[in-house]
Amino acid sequence: MVVTTYLDHAATTPARPGAAAAYAEALEQVGNPSSLHAAGRAARRLVEESRESIAADLGAHPTEVIFTAGGTEADNLAVQGIWRARATDTRRGLVTSGVEHPAVQESVQWLAAHERADLTEVGVDEAGRLDLDAFAAAVTEQTAVVSVMWANNEVGTLQPIEQVVEVARTAGVPVHTDAVQAVGQVPVDFAGSGVDALTVSGHKLGAPIGIGALLARRELGLTPVLHGGGQERSVRSGTIPVPAIRAFAVALREAVSARESEAVRLAGLRDRMLAGVRAIPDVHLSGPEGEGRLPGNLHVRVDGADADALLFALDAAGVCASSGSACQAGVQQPSHVLAAMGADDGAARSGLRLTLGWTSSERDVEALLAVLPRAVEQARAAYRPRKKRDVKVGV
Ligand code: PLP
């Protein structure tokens with residue numbers, strides 16, 4: 001039997017035992033938190049305790065936590081919700097980066113195509129970092145909302161959120177940030193950061209898939225995307241998923257409590273992995289080296305190889321990895337992130353993302369390095385230029 005080496009924590013990380021236990025326990029309890037009877041009130045108590053715990057761990061006030069079904073929904077709510085609340089005949093600007101997750105990128109492009117949003121996707125440098133001069137030039141009083149991610153899901157680059165907030169504040173424009181990959185890996189303090197809205201997702205932290213939150217300042221106008229029973233400040237209707245919320249709070253508490261020591265441990269493993277990967281000819285690091293990237297993220301481009309062939313060879317050798325970019329029907333799409341960083345079409349299809357998390361160990365690094373040279377050889381032998389396709393599924 002092939003033992004699996006899991007190096008795809010940025011796609012999803014295993015459920016933490018504490019979170020799974022909290023989930024199971026909450027499942028035993030019947031009650032809709034919106035019901036007024038005793039069972040409903042008990043369910044409501046669990047939700048509000050979890051909300052307080054989540055708010056405390058992210059530097060927010062409990063009333064600022066809006067539960068959603070995950071990061072994608074929170075991104076959609078933030079971008080579309082703020083834009084619709086603020087857009088006027090003369091204020092139609094929407095400013096974002098060229099390396100956003102599809103949950104933001106597709107939302108802003110949809111608003112540009114269907115609601116006459118005046119979209120600017122600001123470029124990045126070759127390490128994937130926002131061009132601050134171009135950003136400052138793009139943000140004006142005619143901008144309705146800015147959305148710039150805290151950390152990139154493909155190459156792990158941290159964005160200069162402090163400066164983004166400074167520029168936007170001067171122009172009086174609210175800022176949303178997608179912090180799905182950042183929370184649990186780098187310090188994230190909602191109030192301290194000065195952003196107006198922030199996206200977080202449970203399954204990247206060890207909670208079940210399908211729960212997340214948008215942190216949003218109370219005074220921020222937010223037009224609902226989901227209409228219905230008026231739960232969650234009337235901004236996000238839908239019966240509140242008590243067990244998932246309970247598990248989310250437990251997973252986040254564990255991730256945040258262990259963050260500092262885990263960041264050091266994972267950065268050590270990542271750097272060992274990088275040293276081993278670099279021993280293979282014509283393999284290049286994407287994104288910044290050391291500081292400036294997520295501790296658990298390593299991303300490389302493998303010259304003369306397609307990501308799908310490489311991922312297939314690694315999978316056959318028992319290693320679960322990713323390119324970090326879109327995949328459709330088993331075919332890797334060129335990465336819009338690598339393209340924004342200056343990669344040509346071939347290079348934008350050659351990405352290999354290796355991401356570490358709370359279950360990662362030295363054994364994983366050794367197992368990868370034992371099989372990677374052969375996998376690269378196989379992928380290079382199979383290399384054929386491909387035709388373009390254009391569907392995106394970011395993870
Ligand atoms: N934003 C980023 C940066 C992500 O990495 C992901 C996950 O792939 C998402 C948003 C979407 O989150 P979810 O899977 O919870 O919908």
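The basis for the numbers below is simple: all heavy atoms, side chains too, and nothing from hydrogens, waters or symmetry mates. Just follow the structure's listing: the first ligand is 1, and inside any ligand the first atom is 1.
- Distances between N or O atoms of Asn153 and those of ligand 1 include no value under 3.5 Å.
- Connection of Val65 to Leu58 is established within a shared hydrophobic cluster, with ILVMFWY side chains joined at heavy-atom distances below 4.5 Å, either directly or through further cluster members.
- With a 4.0 Å heavy-atom cut-off, ligand 1 is reached by the side chain of Lys204 but not by its N, CA, C or O.
- In this structure Glu377 satisfies the salt bridge (Lys or Arg N to Asp or Glu O under 4.0 Å) test together with Arg374, sequence neighbours excluded.
- For ligand 1, the atoms sitting less than 4.0 Å from at least one non-hydrogen atom of Ser201 are 13 (P), 15 (O), numbered in the order shown with element in parentheses.
- A salt bridge (charged side-chain N to carboxylate O under 4.0 Å, His left out) with Asp196 holds for exactly one of Arg86, Arg217, Arg169; it is Arg217.
- Under a 4.5 Å side-chain heavy-atom criterion applied to ILVMFWY residues, the cluster that includes Ile82 comprises Ile66, Leu77, Val79, Trp83, Leu94, Val104, Val108, Trp110, Leu111, Leu119, Val145, Leu214, Leu220, Leu222, Val225, Val235 as well.
- Contacts with ligand 1 closer than 4.0 Å are made by side-chain heavy atoms of Asp75 only, the backbone lying farther away.
- On a distance-only criterion, Gly71 and ligand 1 share at least one N/O pair closer than 3.5 Å.
- When the options Ile211, Thr68, Thr72 are ranked by their closest heavy atom to atom 16 (O) of ligand 1, first place goes to Thr72.
- The contact set between ligand 1 and Gln181, taken as ligand atoms under 4.0 Å from a residue heavy atom, comprises 3 (C), 4 (C), 5 (O).
- Counting heavy atoms of neighbouring residues, nucleotides and ligands inside a 6.0 Å radius, atom CD of Gln163 exceeds 12 of them.
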